Structures are given as C-alpha cells and as structure tokens.
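The structure appears below as structure tokens.
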There are 2 protein chains.
Amino acid sequence: MLVKRFTNNWESRRSALTTHVPVPTLRRLPLYYRELKRAASQGLTHVSSKTLGERVGVPAVQVRKDMSYLDQKGRPGVGYEAQSLAAHLRDFLGLASEKQAVLVGVGNLGRALALYPGFHAYGLRIVGAFDNDLDKVGQRVGTLEILPVEALGDIVARLQVRVGIITTPADAAQDIADALVAGGIKGIWNFAPCRLAVPDGVFVKDEDLAVALAVLSHVVEQ
Amino acid sequence: MLVKRFTNNWESRRSALTTHVPVPTLRRLPLYYRELKRAASQGLTHVSSKTLGERVGVPAVQVRKDMSYLDQKGRPGVGYEAQSLAAHLRDFLGLASEKQAVLVGVGNLGRALALYPGFHAYGLRIVGAFDNDLDKVGQRVGTLEILPVEALGDIVARLQVRVGIITTPADAAQDIADALVAGGIKGIWNFAPCRLAVPDGVFVKDEDLAVALAVLSHVVEQ
DNA sequence: TAGATTGTTAATCGATTAACAATC
DNA sequence: TAGATTGTTAATCGATTAACAATC
C-alpha cells in the first residue's frame with residue numbers, strides 16, 4: 001500500500017512524497033487526535049466514527065476511510081478505542097518525539113509564536129530565535145536570547161534542528177530559507193507571504209494569513 | 001454559470017455557498033493578486049500564465065482555468081494585463097472595501113494579530129479587542145482599549161461588525177461565537193482549536209496552527 | 001437475537017491537466 | 001508570417017460518498 005506520489009499542491013510542497021496517506025486525510029488526523037483525547041479525558045473508552053465525525057465535521061464514512069489508511073480497526077457495534085487510537089495518531093503524526101525548531105524574525109507574529117505554549121503539546125520546541133535587527137539581538141523572548149541571523153546556519157547544523165519557522169518580511173525569507181537549508185533543515189513553516197525555492201526533500205508549509213483573510217473577506221463581502 | 005453548491009469542507013464551512021468559483025481556486029486568487037502587484041511594481045505591464053504560475057507554484061493551465069472562472073481574459077501571445085487583473089482580483093476578493101473586525105482573546109496570539117500591520121492591505125480593520133480577564137480590560141493593544149467580553153454582542157450589533165476573530169482558549173470559543181452570531185456577525189476567523197457550531201449563513205474559517213504543525217511534524221519525522 | 005457499527009467496494013463528484021485550435 | 005500564449009474541451013486523477021455485507 002506504500003505509494004510513491006507526486007504532490008503538486010501549492011500549499012504543501014515536497015518533490016517526492018512517499019506516504020500511505022492522502023494529504024486531506026493527513027490534515028484531518030490532528031483533529032481526530034484532539035477529539036479522541038477530549039473524549040478520553042471525559043472518561044469515554046470508545047468513540048464511534050459517527051460521533052467522531054460529528055465533532056470534527058466530517059461524515060462517519062470519511063472517518064472510517066481515514067482510519068483504514070492507518071490500518072486502525074474499530075469494533076463493529078462499539079466503535080474505536082479512544083486511548084489507543086489517540087496514541088497511534090500521536091505516534092503517527094510524530095507528536096510524541098520532541099522536535100527542535102528555530103524561529104527567524106522576532107516581530108509581533110514571531111514573538112507570539114515563540115511564546116505560544118500550545119506547541120509543546122505537539123512536540124515542537126523552539127530552541128533558537130533569530131533576527132537581523134541588531135537592536136533586538138541580545139534581548140529575550142521568554143527564556144530565549146535573540147541571536148543574529150548570521151549565526152543561523154551554523155546553529156541549525158550544530159544542533160541538528162529539523163524545523164525552521166520563518167516570520168520575517170517577504171523580501172528576507174528566501175535568504176533565510178537558504179541558510180536553513182544549508183544548515184540541514186528538513187521542514188520550513190513559512191509565514192512570510194512569498195513562495196520559497198527549496199531543494200527536493202525539504203518540506204515547506206506555507207501559512208499565509210492573507211490567504212485565509214482573502215477567502216473570508218470574499219465570503220463576508222456579500 | 002452561477003452554481004449552488006454544498007460545501008462539506010471541514011476547514012471552511014458554510015451551509016449553502018453560492019459562488020462561481022471552486023474553493024481551491026478561491027484560495028489561489030490571493031497568491032495571484034500578490035504576484036501581480038509585485039510584477040506591476042517592477043514595471044511589468046503583462047504577465048503570462050506561465051510566469052504567474054511559476055511564481056505561485058501552479059501549472060500555467062491552472063492559472064488560465066482559474067482566470068476563466070472569473071471571466072478574465074488575457075491576450076494570446078502576450079499574457080494578462082497585470083494592473084487591471086490585480087484590480088479585478090482585489091475587487092472580487094473584497095479587499096478594496098474596508099471591513100471592520102473585532103478580536104476576542106488578547107493573549108499572545110491575539111495581541112500579535114491585533115498589532116499585525118499586514119491586515120490593512122487586505123481591507124481588515126480591527127475596531128475592537130475583547131477579553132474576559134478583568135485585569136486586561138482597560139489596558140491597550142496598540143491604539144485599542146481592551147473591552148470586557150460582556151460588551152461584545154452589543155458592540156458588534158451597534159457597529160455592524162462583519163468579522164470576528166477568536167483567539168481564546170478552546171473552552172471559551174463557543175460562547176464567544178454565540179455572542180458574535182447574536183450580534184449579527186457574518187464571518188468568524190477561528191484560531192481556537194475546536195469546532196464551532198454556527199447557524200447557516202455564518203462562515204467559519206478555522207485556522208488551527210496545530211493542524212499545520214502536525215502535518216509538518218509528520219513529514220519531518222522521517 | 002436485534003441493533004449498532006465497522007470495513008470495503010464501487011459509484012460519484014469535482015478538480016487538475018493534456019491536447020489543441022484560436023488569436024495576438 | 002512565425003512564435004508565443006490564450007481559452008476550452010475532454011481525459012485523467014483522486015478524494016468523497018453510497019451501498020452493503022460482515023461482525024460485535
């Protein structure tokens with residue numbers, strides 16, 4: 001069932017993505033995970049695809065189909081075991097193992113992300129914050145000292161950091177991406193409003209708030 | 001070509017969305033807009049679908065197909081007129097007219113969004129910031145005074161605010177959504193990690209950072 | 001057993017893309 | 001004109017969903 005597939009998706013590119021699971025399914029998994037944990041914390045041992053679907057906003061059959069990609073089985077007439085399914089999703093999504101990340105661009109957004117406590121639950125730990133503004137260098141965001149961007153590639157390489165978060169203006173983003181790639185980064189979470197050129201094997205997730213805003217804007221307009 | 005369509009998409013729900021344009025296309029439009037403006041500012045009068053596609057990360061034929069949904073014509077052998085196409089996209093997306101928004105939940109993320117200057121270019125103006133923490137009420141974010149959530153519904157109704165931004169914890173989000181809806185809101189940009197129940201006609205755009213993070217996490221894992 | 005629910009196949013739906021004639 | 005590029009039809013691709021037998 002292991003399928004090699006080319007993903008041309010503009011919002012999550014990677015040259016040759018080898019995976020069991022369609023990207024739309026992959027995006028639903030964290031939602032299932034969230035609701036399974038919620039159910040478990042409420043003392044429920046089992047959750048049906050119907051219930052889970054309602055809480056996440058997809059049809060029951062979609063839930064079952066998604067689970068089939070992961071080879072996760074439920075009990076007919078009963079449902080899925082909440083705890084163990086949550087644990088499987090957590091492992092599959094790689095939320096259990098801590099992943100180090102660096103954040104580049106300590107503006108308002110960068111600062112908010114650096115201070116956001118929720119990432120910890122998803123296994124992300126920001127171990128370095130960088131900025132090219134020498135006035136900011138040396139200051140702190142939370143417990144982190146802001147470092148000069150010149151040190152970026154070196155530190156990424158030395159600490160073997162896997163994830164880079166770019167919260168710089170658009171015109172700086174490509175240089176930052178290049179430095180991250182040179183340091184051996186695996187994935188980039190790009191909040192800058194531009195497309196990044198990266199080599200094969202580096203995954204880019206664009207998080208362009210303007211895109212969401214434009215869609216919202218259009219729909220609200222009339 | 002006006003088609004009534006039911007959208008069951010978990011990440012952008014609305015009961016009966018009446019539109020010319022498929023949602024995937026709609027999400028590419030702001031990217032085209034961005035690159036067309038960039039091209040125009042560099043003095044280019046025309047941009048081909050090939051060039052535009054390259055900058056946005058989609059095939060040229062995709063660009064042309066998307067433009068055909070909007071009845072936007074290019075000149076064979078020449079391309080699309082950058083200025084006028086950008087203007088059309090701006091109008092279509094409703095970026096030209098200013099839309100008022102309220103923001104609820106002035107934590108780190110809420111504060112960052114409230115201070116984010118980029119929204120202005122997309123026609124969004126945050127006219128109110130709310131929090132249920134009485135210690136925060138009366139303080140300022142930028143030029144805005146933080147107001148108590150009790151005043152939310154009333155102010156939304158009085159100012160006829162169209163957009164609500166929720167940056168509260170998950171357990172508070174539904175109550176906030178209810179208050180927004182009661183005030184007559186049209187669209188909700190929901191950063192809280194939960195699904196909101198809203199009546200037909202209210203559009204919800206979920207912006208769950210954990211979802212992006214989980215996908216990134218999975219891909220980077222191995 | 002009866003009722004609930006799963007897992008999977010096949011049908012459907014809709015977006016992407018290939019092909020190519022039309023046009024500047 | 002020749003070359004570039006558009007616009008659109010039809011083919012393809014892949015995800016969602018309906019249907020239903022299997023199972024607890």
Side-chain angles (χ1 to χ4, degrees), chain A residues 1 3-13 17 19-29 31-32 36 39 44-82 84-85 88, chain B residues 1 3-13 17 19-29 31-32 36 39 44-82 84-85 88:
Chain A
M1 199 170 50
V3 181
K4 197 151 201 178
R5 158 146 16 97
F6 183 77
T7 294
N8 196 22
N9 194 319
W10 56 275
E11 68 181 23
S12 58
R13 285 166 287 127
L17 184 61
T19 180
H20 301 260
V21 176
V23 170
T25 295
L26 205 49
R27 285 203 283 236
R28 286 188 289 268
L29 298 183
L31 304 180
Y32 298 146
L36 286 165
L44 296 174
T45 59
H46 294 265
V47 181
S48 71
S49 59
K50 184 160 173 279
T51 303
L52 190 51
E54 275 164 9
R55 301 212 180 162
V56 163
V58 301
V61 68
Q62 179 85 270
V63 175
R64 298 202 296 279
K65 185 74 172 174
D66 288 340
M67 294 312 153
S68 79
Y69 289 120
L70 304 179
D71 293 319
Q72 290 299 291
K73 306 290 183 183
R75 288 233 314 269
V78 180
Y80 295 84
E81 213 276 293
S84 71
L85 183 52
H88 182 85
Chain B
M1 199 167 53
V3 182
K4 197 152 200 177
R5 157 144 22 93
F6 183 77
T7 294
N8 196 23
N9 195 319
W10 55 274
E11 66 181 27
S12 61
R13 284 167 287 127
L17 185 61
T19 181
H20 302 259
V21 178
V23 171
T25 295
L26 205 48
R27 285 202 284 236
R28 285 187 289 268
L29 297 184
L31 305 180
Y32 298 147
L36 285 165
L44 296 174
T45 59
H46 294 265
V47 181
S48 71
S49 59
K50 183 158 174 281
T51 302
L52 191 50
E54 274 164 10
R55 301 213 180 159
V56 162
V58 303
V61 67
Q62 179 85 269
V63 174
R64 297 201 297 277
K65 185 73 171 175
D66 287 341
M67 292 314 151
S68 78
Y69 289 121
L70 304 179
D71 293 318
Q72 289 300 290
K73 308 289 183 186
R75 290 234 314 269
V78 180
Y80 295 84
E81 211 277 293
S84 70
L85 184 51
H88 182 86

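Note that this is a predicted model, so its numbers are computed, not measured. Below, chains carry the letters A, B, ... as their sequence lines are ordered, and counting in each starts from 1.
Counting heavy atoms from C-beta outward, B:Leu52 and B:Tyr80 have side chains that stay 4.5 Å or more apart. Looking at heavy atoms from C-beta onward, A:Leu29 lies in side-chain contact with A:Leu70 at the 4.5 angstrom threshold. In this structure the side chain of B:Met67 reaches within 4.5 angstrom of the side chain of B:Leu85, judged on heavy atoms. A heavy-atom distance below 4.5 Å is not found between the side chains of B:Val47 and B:Tyr32. Contact annotation: the side chain of B:Thr51 approaches that of B:Arg55 to within less than 4.5 Å [non-hydrogen atoms, C-beta and beyond].
Between the CZ atom of A:Arg64 and the P atom of D:dA22 there is a distance of 16 Å, given to the nearest Å. A straight line from CD of A:Gln62 to P of D:dA18 spans 11 Å, rounded to a whole angstrom. The separation between A:His46 atom NE2 and D:dC24 atom P is 13 Å, rounded to whole Å. Computed from coordinates, the A:Tyr69 OH to D:dG14 P distance equals 11 Å when rounded to whole Å. One interatomic measurement links the two molecules: CD of B:Gln72 to P of D:dT6, which rounds to 14 Å at whole-angstrom precision. One can place CG of A:Asp71 at 17 Å from P of C:dT6, the figure rounded to the nearest angstrom. One atom, CG of B:Leu70, and another, C1' of D:dT8, lie 16 Å apart when rounded to the nearest Å. The nearest whole Å value for the distance from the NZ atom in B:Lys73 to the C1' atom in C:dT23 is 13 Å.
Atom OG in B:Ser49 sits 10.0 Å away from atom CD in B:Glu54 (nearest 0.5 Å). For the atom pair NE2 of A:His46 and OG of A:Ser84, the computed distance is 8.0 Å after rounding to the nearest 0.5 Å.
Between A:Ser49 and C:dT6 there is a side-chain N or O to OP1 or OP2 distance below 4.0 Å. Residue B:Tyr80 has a polar side-chain atom (N or O) positioned under 4.0 Å from OP1 or OP2 of D:dG7.
Closest to the side chain of B:Pro76, from the set C:dC24, D:dG7, D:dT17, is C:dC24. With D:dT5, D:dA15, C:dT16 as the candidates, the nucleotide lying closest to the side chain of B:Ser48 is D:dT5. Listed nucleotides D:dT6, C:dA15, C:dT5 differ in distance to B:Pro24; the shortest reach to its side chain belongs to C:dA15.
Here A:Thr25 lies out of heavy-atom contact (under 4.0 Å) with every strand.
Mapping B:Val61 and A:Gly77 onto DNA chain D by nearest heavy atom places B:Val61 closer to the 5' end of the strand.
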Given the rule that a pair is Watson-Crick or G-U wobble with both distances under 3.5 Å, how would you write DNA chain C in dot-bracket, using | for pairs to a different strand? ..||||||||||||||||||||||
